[in-house]
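Quick notes on the structure that follows.
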Amino acid sequence: MDKAQVAAVLNEIGTLLELKGENPFKTRAYGNAARALEVLTEPLETLVAEGRLGEVQGIGEALEKKIAELVQTGRLGYYEELKGSVPPGLVAMLAIPGLGPKKVKALNDKLGVETIEQLEHACSSGKVAGLAGFGEKTQAKILEGIAFRRAYASRHLLSDALAAAEPILERLRAHPDVIRCSTAGSVRRFKETIGDIDFLASSRKPAAVIGSFTDQPGVLSVSARGDTKASVVLAGGLQADLRVVRDDEYPFALAYFTGSKEHNIVMRQRAIVRGLRLNEYGLFRSAEETRDPARRVRCRTEEEIFERLGLAWIPPELREAQDEFAAAELGPIPRLLEWTDLRGALHGHSNWSDGRHTLEEIADHMEDLGFEYWAVTDHSKSSFVAHGLDAGRLRRQIAAIRDINRRRADEGRTFRLLCGSEVDILAEGALDFPDELLAELDVVVASLHQGFSRNEAEMTRRLVKAAENRYVHMLGHLTGRLLLEREPYPVNTLAVIDACGAAGTWIELNCNPRRFDLDWRLWPHATRRGVKCVLNPDAHHNDQAGFLRLGAGVARKGWLRAADVINTLSLGLLQRELNRKRGRR
DNA sequence: GCCGTTTTCGGCCCGACTGTTTTCAGTCG
């Protein structure tokens, strides 16, 4: 079993233990261990084989044994026994708002409910309202939750959340009673998928701000509305929450509601060690009084809160309780990539394959946006559903691009299209075009589009072989995942990263919001191995140049700086790097 | 189940809200 599978089992054990009514700290330990595994940069098997698993923070004696059993045998007796003792439908019920482990357990114990369908039936017939601790409102809320779940997905793409958030934030900014406002939560942290959208505002008249929020266009229903807090459901099933605080509380509330939960826990622990107490209202000098402004440490910005806790300011994207505290203790966090650092992109499509626009339209649009270069990398012949190019059409496209560039040069314009291909990686890692043809191109992206059902060893071998080809500049969307749709194909990403490091091959961060592939969690490891990143929109339409802005936020989550990203280079320096891979000067 | 410059036991982040209660448990973020 690989670490992702082990982590999934540990998370599930945590959930199952919750449903059995176990000590909440024990159940949390499983979640913590799963998170610790996800960011390991050494192969899990190595740690297990060398008996060093216990050295990982969050993994003790008991979990070390359980994880070793999973890695070595692919099974865990404890897990199977536990799983057998809890009806699988109970886990699904936890996803219904208002239902936690205690209530689900009560429903199961007292009514024998084991599935969501049975729960719906029990609610409809009024049995749930009669239980101790339940009532009419809870029963109605459960029914509503079941219907909502059926109608909408529970998580959303970052791009959808941002598109919904921007007009709401504009409206807040324009409101006369709003002093400061921001998105918070996972949107502000640029998580690749989002549960709900959080907003924070400061005001002297919270009721007016709350009213404007719940009454705005696009709100389908209001699920909660208090004095300082409201929740609404937007079109598409997205939920949006607004908290309104006093302006002197704003920086504390912003830090608090940005999270992540795990990051906040460490922040609070740091406060406690310093004899302070941290919550969403402030940082306080007394352990007892947690609202009194007179005892609050004065901080006007998030920066000052971090400073008071012995830390440099941590950009929201990094607040995932991974390595940000260790880094922020040492001094300022390095300047992370900004999307405005990007000078162009190296993976995009035209209407020669499955893109929308002509070469001229692409050149004009990208030049207008201020880019210096843009690579056209249409599909190769094996991707026939995408109208992949054969050798003849590719050579004609090269000529067409050279012609466009020549005309621009004559007019004294510096923008250039680059000739490229997104060449298919075939079985056994062979490429869809011969090396002689690849050598005629400026840029080569190698990607997998077929044969996803091979096993991990084969998939890894194919990618490693492609990475070792001197004409391949980078691997495209390395794991093939489609967020909320399709899992990554099985591949040993660490081994592929190592091979890229050795061969000087770059790895793409595909900025299509359905992909964001390679995952941000792996970039710190890739950077340590000397692998450069390329931020690519994989654009099929000119509007998709905007994907680069989203991708830059995700790149920041991976601690990427401008120097780690190839397409921050000017055209001249880029061309030198493109040639260097091929052993040319 | 983990962890230790209060180290092998006794803690483990903390407050708001909701609905069900008559003093609070459960859920959520």
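Below, chain A is the first sequence line, B the second, and so on; all start at residue 1. Note that the structure is predicted; figures quoted are calculated from it, not measured.
Taking atom CD1 of A:I67 as the reference point, atom C1' of B:dC2 lies 12 Å away to the nearest angstrom. Here the C1' atom of nucleotide B:dC13 and the CZ atom of A:F252 are 17 Å apart, to the nearest Å.
Of the candidates B:dG4, B:dC17, B:dC12, the closest approach to any side-chain atom of A:Q57 belongs to B:dG4. Among the nucleotides B:dC13, B:dC2, B:dG19, the one closest to the side chain of A:R28 is B:dC13. Set against B:dG1, B:dA16, B:dG19, the side chain of A:K137 has B:dG19 as its closest nucleotide.
Note that CD1 of A:I194 and CD of A:Q239 are 13.0 Å apart. Values are rounded to the nearest 0.5 Å. Between the CG atom in A:L200 and the CG atom in A:L242 there is a gap of 7.5 Å [rounded to 0.5 Å].
The residue A:E22 sits apart from the nucleic acid: no heavy atom pair falls under 4.0 Å. If you check every strand for non-hydrogen atoms under 4.0 Å, A:K66 touches sugar and phosphate atoms only. Nucleic acid contact class of A:T27 (heavy atoms, under 4.0 Å, all strands): none.
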Checklist entry - Taking it one step at a time, do A:K66 and A:E69 satisfy salt bridge (Lys or Arg N to Asp or Glu O under 4.0 Å)? => result CA-CA 5 Å; A:K66 291 194 173 86; A:E69 191 177 334; over 6 Å; no

Checklist outcome for this item: Given protein heavy atoms under 4.0 Å, the one-letter contact record of nucleotides 22-29 of chain B, with B base, S sugar-phosphate only and - none, is simply ----SSSB

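Heavy atoms of other residues, nucleotides or ligands lying less than 6.0 angstrom from CG of A:D215 number more than 12.
For the segment residues 319-331 of chain A, no residue has any heavy atom less than 4.0 angstrom from an atom of DNA chain B. Annotation: proximity of residues 109-136 of chain A to DNA chain B (heavy atom, distance under 4.0 Å) is found for A:G133, A:F134, A:G135, A:E136, numbered in ascending order.
OP1 or OP2 of B:dT20 lies within a sub-4.0 Å distance of a side-chain N or O belonging to A:T138. For B:dC14, the OP1/OP2 oxygens have no side-chain nitrogen or oxygen of A:N279 closer than 4.0 Å.
Counting only N and O atoms by type, the side chains of A:K20 and A:S85 include a donor and acceptor under 3.5 Å apart.
Partner assigned to B:dT8 is none, using Watson-Crick or G-U wobble distances below 3.5 angstrom.
Of the C1' atoms belonging to B:dC17 and B:dC12, the separation is 24 Å, rounded to the nearest Å. If you take atom C1' in B:dT21 and the same atom in B:dC14, they sit 23 Å apart, rounded to whole Å.
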